[in-house]
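Remarks on the structure that follows.
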There are 2 protein chains.
Amino acid sequence: MAVKTKQAEAQALPLNTIVPGDCIEVMRSLPAASVDLIFADPPYNLQLKGDLHRPDNSRVDAVDDHWDQFSSFAVYDAFTRDWLAAARRILKPNGAIWVIGSYHNVFRLGAELQNQGFWILNDVVWRKSNPMPNFRGKRLTNAHETLIWAGKEENSKYTFNYEALKAMNDGVQMRSDWMIPLCTGHERLKDENGDKAHPTQKPEALLHRIILATTNPGDVVLDPFFGTGTTGAVAKMLGRDFIGIEREEAYRKVAQDRIDRTRRLDASALEVTGSKRAEPRVPFGNVVERGMLRAGEELYSLGSRHVARVRPDGTIVGNDVKGSIHQVGAHLEGAPSCNGWTYWHFKRDGRLIPIDILRQQIRAEIEADERPAH
Amino acid sequence: MAVKTKQAEAQALPLNTIVPGDCIEVMRSLPAASVDLIFADPPYNLQLKGDLHRPDNSRVDAVDDHWDQFSSFAVYDAFTRDWLAAARRILKPNGAIWVIGSYHNVFRLGAELQNQGFWILNDVVWRKSNPMPNFRGKRLTNAHETLIWAGKEENSKYTFNYEALKAMNDGVQMRSDWMIPLCTGHERLKDENGDKAHPTQKPEALLHRIILATTNPGDVVLDPFFGTGTTGAVAKMLGRDFIGIEREEAYRKVAQDRIDRTRRLDASALEVTGSKRAEPRVPFGNVVERGMLRAGEELYSLGSRHVARVRPDGTIVGNDVKGSIHQVGAHLEGAPSCNGWTYWHFKRDGRLIPIDILRQQIRAEIEADERPAH
DNA sequence: TTGGCCAGTGAATCATGGA
DNA sequence: GTCCATGATTCACTGGCCA
């Protein structure tokens, strides 16, 4: 079943290609529930005093009346509604989306995400280390853009590589504000005239963090506003599959060249710090079965304030309460829950050692058994 | 006329008081176009499910107050629409508003601001130096909140003390991301039980920066969700008038005590680095009127490539083109605009001196006239 | 007076898999 | 769908107490 689905997807999904055309139409042509992550950097040609263009590039009549201002917002909102709905349809149930915007459009993006049932997980601030100053001294230096990370729905089991991001951040939790420089220098793609190939090329560092944090190797990442293909280049490098959609041929060409030049990291380079949750579950009974602890042996809480005794079936008894290592620990502490593996200790040579050590030994043996012989 | 208006305002506006009641009704009862700045910290509509415990099993004291509960986005949006409309009506034409929110509500706030014709000037990120961690490791640490600064309308001549903020920021432009600690320690107000008096008290440092940046001494600052009165306390300290609106009697009492304890800084302590833009406009004609330059005298561009002659009405003529110092300068340079004050120079003792020197002399005299005698 | 240790806390949409 | 057992998970700072 899973294999069949995989095959069907592989046939239907234009993996690792840049699809020409309007992103709404293209997304509507793709199979439902087929991509893991969407990254979208939609146009925010809003209120720029100049012309406002519809998604099909037709020009909205210039306006300065109040009601017409509203009509401009309405056009932008309708566009947002359409492409977000198309994006949501092709997301897997446990998929997620990132969108990026500035104050011109991000409030409308966020509100529409919520209206459609996406579940916001974080808003993230891209703090620019080298923003353009406010030349006229009339406002604050606009030194950031806003990203929104949202699951397809409230109960989506979204991917989040917590430990990897924590490791990336010197061992403390990654915060919602990220300091990343603008895309400049050699990374900034130029056209044949030496001008920048795209006005809003995003830095690879930004996509690197996003893709590392919220996908796993082999996942499918789709970008409906592909531009010069930062999403595709970083996805390829990190061993993810990508789908790009881009209307402008000039951008598609630049992006394709760029991706062709990009090297995919080999599998060993893709490993990141994993979560304990992903490791195989080991019942405490296994520890007793294997004789690592024997029935009747005593367990101690830290500080030895509480003592419990191991029983042959892997339950323990302490203070006349019987149950699992977790239940007895929670009871003795008067706490709603307790991780018995880290709470209880056994004595060796007069020292207290957490029983989690024993679980780690068992896990190491399991892994050794499952690893193919070299 | 101006005096009359001032008096009428003073009679109608409940300056420096905390008005009990629903903020929408109270704002509707106030005269239109009467306040300079609104700071609003509306309910966030957090949608919390069960309890949350820290890894040490202590329980997180969540915001579960009745005033933060809304049954749907539609209900929250209607509430937002109503209070923003009431707020907009009482703003002066050149007034501005600040709102603060988290990802739960700020996108809806921002979109509705735009819908009603407010003109967003900046979004500002309050980066918390000491945020609560993400205890379960399921998301990024939610380490910021978002503020939106908006003028009443697109062409409002809003107040922005650019130079003061630049000075506050070690001489470089203030950015849109502000690192400020949470309100804790002695600043955090407690009730008679020693518990926090309000679940979401904002730090005074945040309001200090906002009020300093976007009002002048004597301005009227209104806060429709007054809570424990941080806005009022900081406004009073900084020599601004405030109007607070608060529904809950317990909060009003705490706020009033707090404001009574707050001391207003004296006028000399309120002076901040002035912006050139805030300085009085000086027509070039004044320079001629005062005889600092005489009609017929010659002005020179830098390098003396161009020459113009002063005319009695404060216009100049160069290369057969007549107009203001700015117009003629722009014409001679073929530029769309030109700051005539720095472009043109006059000769004294064979040296070229920019005419801006003369404007500065005039301004110095104006300031000396307006400063009260000590 | 200073420093070390311990306890407390802050606008939070904070689990998962098997029966 | 529900119920239940397992068990994973925190950073910066403040203030009080005591040596």
Side-chain angles (χ1 to χ4, degrees), chain A residues 94 114 118-123 149-151 153-158 160 162-163 166 169-176 275-285 314-315 323-327 329-330 335-344 355-356 359, chain B residues 41-65 67-70 73 100-106 126 128-146 179 181-188 190 194-196 198-203 225 227:
Chain A
N94 292 331
Q114 292 179 311
F118 287 99
W119 195 248
I120 298 182
L121 300 166
N122 277 116
D123 59 335
W149 173 38
E153 51 204 14
E154 178 172 354
N155 295 312
S156 291
K157 290 175 187 130
Y158 54 90
F160 181 51
Y162 172 76
E163 294 290 347
K166 185 174 174 178
N169 195 37
D170 281 340
V172 294
Q173 286 189 339
M174 185 70 79
R175 299 170 38 118
S176 55
S275 164
K276 276 188 191 168
R277 270 182 255 261
E279 297 181 34
R281 199 177 73 85
V282 176
F284 180 68
T315 59
S324 72
I325 52 175
H326 315 295
Q327 290 167 331
S337 70
C338 172
N339 184 345
W341 289 106
T342 54
Y343 180 79
W344 293 110
I355 60 175
D356 201 42
R359 182 171 63 161
Chain B
D41 182 13
Y44 284 13
N45 189 25
L46 298 185
Q47 297 160 48
L48 306 177
K49 301 294 189 292
D51 283 351
L52 178 65
H53 291 87
R54 296 184 173 81
D56 65 3
N57 271 325
S58 65
R59 188 173 152 280
V60 174
D61 184 15
V63 178
D64 51 5
D65 304 72
W67 48 255
D68 198 49
Q69 312 291 327
F70 293 83
F73 281 134
I100 181 168
S102 68
Y103 65 81
H104 308 85
N105 70 324
V106 77
W126 169 27
K128 304 177 182 182
S129 57
N130 49 347
M132 192 179 343
N134 186 291
F135 295 116
R136 315 301 293 264
K138 298 301 294 177
R139 304 181 179 189
L140 300 161
T141 306
N142 194 1
H144 75 277
E145 293 186 28
T146 301
M179 177 70 98
L182 293 171
C183 179
T184 59
H186 293 300
E187 187 186 327
R188 189 79 191 219
K190 303 293 196 298
D195 299 323
K196 55 189 176 190
H198 191 284
T200 71
Q201 185 183 341
K202 295 292 174 288
F225 306 97

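Computed from a predicted model, the values in this text were never measured in an experiment. Numbered from 1 within each chain, the chains take letters A, B, ... in sequence-line order.
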How is B/Ser102 classified with respect to the nucleic acid when contacts are heavy atoms under 4.0 Å: base, sugar-phosphate, or nothing? nothing
Determine the contact category for A/Ile325: base if any of its heavy atoms lies under 4.0 Å from a base atom, sugar-phosphate if only primed atoms, P, OP1 or OP2 are that close, otherwise nothing. nothing
With sugar-phosphate meaning primed atoms plus P, OP1 and OP2, does A/Arg277 contact a base, only sugar-phosphate, or nothing at under 4.0 Å between heavy atoms? sugar-phosphate
Residues two or more places apart in sequence or in another chain: which of them pass side chain to side chain donor-acceptor pair (under 3.5 Å) with A/His326? none
Listed pairs, N/O of protein and of nucleotides 2-7 of chain C, under 3.5 Å:
none

B/Lys196 side-chain proximity, nearest of C/dG10, C/dA15, C/dA12: C/dG10
Counting any heavy atom closer than 4.0 Å, what does A/Gln173 reach on the DNA or RNA strands: base, sugar-phosphate only, or nothing? sugar-phosphate
At a cut-off of 3.5 Å, list every protein nitrogen or oxygen paired with a nitrogen or oxygen from nucleotides 12-16 of chain D, distance to 0.1 Å.
unit_1, atom_1, unit_2, atom_2, d
D/dG15, OP1, B/His186, N, 3.1
D/dG15, OP1, B/His186, NE2, 3.0

So, A/Trp344 side chain and A/Ile325 main chain: donor-acceptor pair closer than 3.5 Å or not? yes
Check for a donor-acceptor pair, side chain of B/Gln201 on one end and backbone N or O of B/His198 on the other, with a separation under 3.5 Å. no
If the C1' atom of D/dT10 is compared with that of C/dA7, how far apart are they to the nearest Å? 15 Å
Would you say B/Gln47 and A/Glu154 make side-chain contact, with heavy atoms under 4.5 Å? no
Identify each donor-acceptor pair in which a side-chain atom of residues 169-176 of chain A lies under 3.5 Å from a protein atom, sequence neighbours left out, and give them as a table.
unit_1, atom_1, unit_2, atom_2, d
A/Asn169, ND2, A/Val172, O, 3.1
A/Asn169, ND2, A/Gln173, O, 3.0
A/Gln173, OE1, B/Asn134, N, 3.0
A/Gln173, OE1, B/Thr141, OG1, 2.6
A/Gln173, NE2, A/Tyr162, OH, 3.1
A/Gln173, NE2, B/Asn134, O, 2.4
A/Arg175, NE, A/Asp177, OD1, 2.9
A/Arg175, NH1, B/Lys128, O, 2.9
A/Arg175, NH2, A/Asp177, OD2, 3.1
A/Arg175, NH2, B/Lys128, O, 3.0
A/Ser176, OG, B/Thr141, O, 3.3
A/Ser176, OG, B/Ala143, N, 2.9
A/Ser176, OG, B/His144, ND1, 2.8

Comparing nearest nucleotides in DNA chain C, the 5'-proximal residue of the pair A/Lys157, B/Asp51 is B/Asp51
Check side chain to side chain donor-acceptor pair (under 3.5 Å) between B/Arg54 and all other residues, then give those that pass, not counting sequence neighbours. B/Ser58
Taking every heavy atom of A/Gly151 against every heavy atom of A/Leu121, the minimum-distance pair comes out as N-CD1, 3.6 Å
Please report the distance, rounded to the nearest Å, between CD in B/Gln201 and P in C/dA11. 9 Å
Residues 132-142 of chain B vs salt bridge (charged side-chain N to carboxylate O under 4.0 Å, His left out), sequence neighbours excluded, gives none
Picking from D/dT10, C/dA12, D/dA8, the nucleotide nearest the side-chain atoms of A/Lys276 would be D/dA8
Residues in side chain to side chain donor-acceptor pair (under 3.5 Å) contact with B/Asp68, at least two apart in sequence or another chain: none
Tell me whether the side-chain N/O atoms of A/Tyr343 come closer than 4.0 Å to OP1 or OP2 in D/dA8. no
Between D/dC11, C/dA11, C/dT9, spot the one nearest the side chain of B/Asp56, thanks. C/dT9
Using heavy atoms and a sub-4.0 Å distance, could you list which residues of residues 132-141 of chain B are near DNA chain C? By number, please. B/Met132, B/Pro133, B/Asn134, B/Phe135, B/Arg136, B/Lys138, B/Arg139
What is the distance from CD of A/Glu163 to C1' of D/dA8, rounded to the nearest Å? 10 Å
Mind checking side-chain contact (heavy atoms from CB on, under 4.5 Å) for A/Pro336 and listing every partner two or more places apart, or none if nothing turns up? B/His53, B/Asn57
Could you check whether B/Asp68 gets within reach of a base, just the sugar-phosphate, or nothing at all, counting any heavy atom under 4.0 Å? base
Let's test your reading of the pairing rules: Watson-Crick or G-U wobble, both distances under 3.5 Å, then write DNA chain D as a dot-bracket string with ( ), [ ], | and dots. .|||||....|||||||||
Reckon B/Pro42 touches a base, only the sugar-phosphate, or nothing at all at heavy-atom distances under 4.0 Å? base
If the condition is side chain to side chain donor-acceptor pair (under 3.5 Å), which residues does A/Glu153 pass it with, not counting sequence neighbours? none
With side chains defined as the heavy atoms from C-beta onward, is the minimum distance between B/Tyr44 and B/Val63 less than 4.5 Å? no
Quick one, A/Tyr158 and A/Trp149 - any side-chain contact, counting heavy atoms below 4.5 Å? yes
Rounded to whole angstrom, note down the P distance from C/dC14 over to D/dT6. 24 Å
At their closest point, which heavy atom of B/Lys202 faces which heavy atom of B/Trp126, and how far apart are they? CD-CZ3, 3.9 Å
Letter by letter from the 5' end, nucleotides 1-6 of chain D scores (B base, S sugar-phosphate only, - none; protein heavy atoms under 4.0 Å) -----S
Taking every heavy atom of A/Cys338 against every heavy atom of A/Ala330, the minimum-distance pair comes out as CB-N, 3.4 Å
Spacing of the C1' atoms in C/dA12 and D/dA5 (rounded, Å): 25 Å
May I ask you to say what A/Cys338 touches in the nucleic acid, namely base, sugar-phosphate or nothing, with a heavy-atom cut-off under 4.0 Å? base
Determine the Euclidean distance between corresponding P atoms of C/dA11 and D/dT9; express it in Å to zero decimal places. 25 Å
Assuming nearest nucleotide by heavy-atom distance, tell me which of A/Gly171 and A/Arg359 is located more 5' along DNA chain D. A/Arg359
Mind calculating the distance between NE2 (B/His144) and C1' (C/dG10) to the nearest angstrom? 16 Å
Answer with base, sugar-phosphate or nothing: what part of the nucleic acid does B/Asp41 contact at a heavy-atom distance below 4.0 Å? base
When you measure only distances, ignoring hydrogens and angles, does the side chain of A/Ser337 come within 3.5 Å of the base of D/dA8 through a donor and an acceptor? yes
Measure from the side chain of B/Lys202, starting at C-beta and using heavy atoms only, and say which of C/dG10, D/dT10, C/dA11 lies closest. C/dA11
Do side-chain atoms of B/Asn45 reach the backbone of B/Phe73 as a donor and acceptor pair under 3.5 angstrom? no
Side chain of A/Lys157, backbone of A/Asn155: donor and acceptor closer than 3.5 Å? no
What is the distance, rounded to the nearest whole Å, between atom CG of B/Asn142 and atom P of D/dT9? 20 Å
Nearest-nucleotide 5' precedence on DNA chain C, A/Ile120 against B/Asp195: B/Asp195
Under 4.0 Å, counting only non-hydrogen atoms across every strand here, what does B/Gly50 touch: a base, just sugar-phosphate, or nothing? base
Candidate nucleotides C/dG17, C/dA12, D/dC11, ranked by approach to the side chain of B/Ala62 - the nearest: C/dA12
Side chain to side chain, A/Phe160 and A/Ser275, heavy atoms closer than 4.5 Å: no
Strictly below 4.0 Å, N to O, side chains only: are A/Arg359 and A/Glu279 in salt-bridge contact? no
For the pair made of CG in A/Asp170 and C1' in D/dT10, what is the distance, rounded to whole Å? 17 Å
